[in-house]
There are 2 protein chains.
Amino acid sequence: MPQIDQTDRRLLKLLQRNAQLTSQELGEALNLSASQAGRRRQRLEETGMITRYAAQIDPRKLGLDVQAFMQVELASQAPQAAQAFQQLVESCADITSVWTLTGESDFLMRVYCANLAALNDLIHRVLLPHPAVARVHSQIVLDQTKRDAPLPLP
Amino acid sequence: MPQIDQTDRRLLKLLQRNAQLTSQELGEALNLSASQAGRRRQRLEETGMITRYAAQIDPRKLGLDVQAFMQVELASQAPQAAQAFQQLVESCADITSVWTLTGESDFLMRVYCANLAALNDLIHRVLLPHPAVARVHSQIVLDQTKRDAPLPLP
DNA sequence: GGTGAAATCTACCTAGG
DNA sequence: CCTAGGTAGATTTCACC
């Protein structure tokens, strides 16, 4: 596995903010030739450092006016409960990310809904009736004051 | 503002998973000509539906082995406390996203650190000593079971 | 929906440490 | 021998028809 140097880190930082930068523009920003910048980018893709390029969407323009984080506690720690919950999560498009965390609650989920009624439906008609789910604690996002900054460069 | 139809939504879904799809590939997936697919994509960019294209990085390969979510409660509700906290957040690269939420805690933050020691330093040497910060509750990410799915299509 | 000019990527080649 | 810079063919985009 090749070593990552400071130039690679700066390249990653730039591409996290704007993946459309051309090899030429990257080269100018990093004092490299376009071909070298392109070669570095390709190597970062091949080694799995860059996992993918993704379009970011404005959820409000899509009609998704409500975002929330939910902490979910399962009824049991048994593996089949976790598996049943996992199926629920996969089948629900409103849930975009799920993390397992240390601490009292078992899962943290990020959800997007069209409105408050849809969020309440998700909680009371989908999550709480599910046998694997014991408790749901939901907090609605009022504002995002810092969004998707590049990863820190260690 | 032009209306978004079902084809636009499918296009957005594809581009969220892979922003490198060419107009030709998009056209094949959507039963459109390449020129029409490209035109739709351009329109979604111009109207701000697509806010940017971003490279996604594998944090572990960068040496960021610890992720966490933190809930931060401020010492006061005064605007200058929030503003001081905002400056702290902006100056700290480990904090990649910050949300304001409903409920008891004032902020939810997502952080990436090289290791547990760095995370503890962040909590005890940066956040807690800051005059605006009253309480910090941190939960480490053990696993991400669903990651960055496309936004739901309403 | 199609076409062509301009721009970009990428594989290959050459030079230098 | 390995890394950096340059070049040409193929691919893609985008303004226009």
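Just so we're on the same page: letters track the sequence lines, and every chain starts at 1.
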**Report entry** Any pair counted as salt bridge (charged side-chain N to carboxylate O under 4.0 Å, His left out), so long as it reaches residues 130-149 of chain A, sequence neighbours left out
**Finding:**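 For residues 130-149 of chain A: A:Glu73-A:Arg135.
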With 3.5 Å as the limit, what N/O pairs link the protein to nucleotides 1-3 of chain D?
none

Query raised in the report: Which other residues belong to the hydrophobic cluster containing A:Leu142, where Ile, Leu, Val, Met, Phe, Trp and Tyr are joined when side-chain heavy atoms lie under 4.5 Å apart, directly or via other members?
Result: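 So far as hydrophobic clustering goes, A:Leu142 is joined with none.
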**Report entry** Pairwise ring-ring contact (aromatic ring centres under 6.0 Å, His included) hits with a residue in residues 9-43 of chain A, at least two apart
**Finding:**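 Of all non-adjacent pairs touching residues 9-43 of chain A, none passes ring-ring contact (aromatic ring centres under 6.0 Å, His included).
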Report task. Encode nucleotides 12-17 of chain D as B, S and - characters from 5' to 3', where the letter depends on protein heavy atoms closer than 4.0 Å: B to the base, S only to sugar-phosphate, - to neither. Result -> SS-SB-
Which residues pass the side-chain hydrogen bond (donor to acceptor under 3.5 Å, both in side chains) test with [X], not counting sequence neighbours?
{"X": "A:Gln56", "answer": "B:Arg52"}
{"X": "B:Gln83", "answer": "none"}
{"X": "A:Thr22", "answer": "A:Glu25"}

Query raised in the report: Excluding sequence neighbours, so at least two apart, what forms side-chain contact (heavy atoms from CB on, under 4.5 Å) with B:Gln20?
Result: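 In terms of side-chain contact (heavy atoms from CB on, under 4.5 Å), with neighbours along the sequence ignored, B:Gln20 is linked to A:Tyr53, B:Asn18.
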Query raised in the report: Who passes side-chain contact (heavy atoms from CB on, under 4.5 Å) against A:Ala78, sequence neighbours left out?
Result: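 Applying side-chain contact (heavy atoms from CB on, under 4.5 Å) to A:Ala78 gives A:Ser76, A:Gln80.
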Report task. State which residue, out of A:Val126, A:Ile95, A:Val72, fulfils the side-chain contact (heavy atoms from CB on, under 4.5 Å) condition with A:Leu88. Result ->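 That would be A:Val126; it is the only one of A:Val126, A:Ile95, A:Val72 passing the side-chain contact (heavy atoms from CB on, under 4.5 Å) with A:Leu88.
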Report task. Check each residue of residues 5-16 of chain A for a non-hydrogen atom within less than 4.0 Å of any atom in DNA chain D, then write out the ones that pass by number, or none. Result ->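 Nothing qualifies; none.
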Distance-only donor-acceptor hits, side chain of residues 106-118 of chain A, under 3.5 Å, sequence neighbours excluded:
from	atom 1	to	atom 2	distance (Å)
A:Asp106	OD2	A:Leu74	N	2.8
A:Arg110	NE	A:Tyr112	OH	3.4
A:Arg110	NH2	A:Gln67	OE1	3.1
A:Arg110	NH2	A:Tyr112	OH	3.1
A:Asn115	OD1	A:Ala117	N	3.1
A:Asn115	OD1	A:Ala118	N	2.8

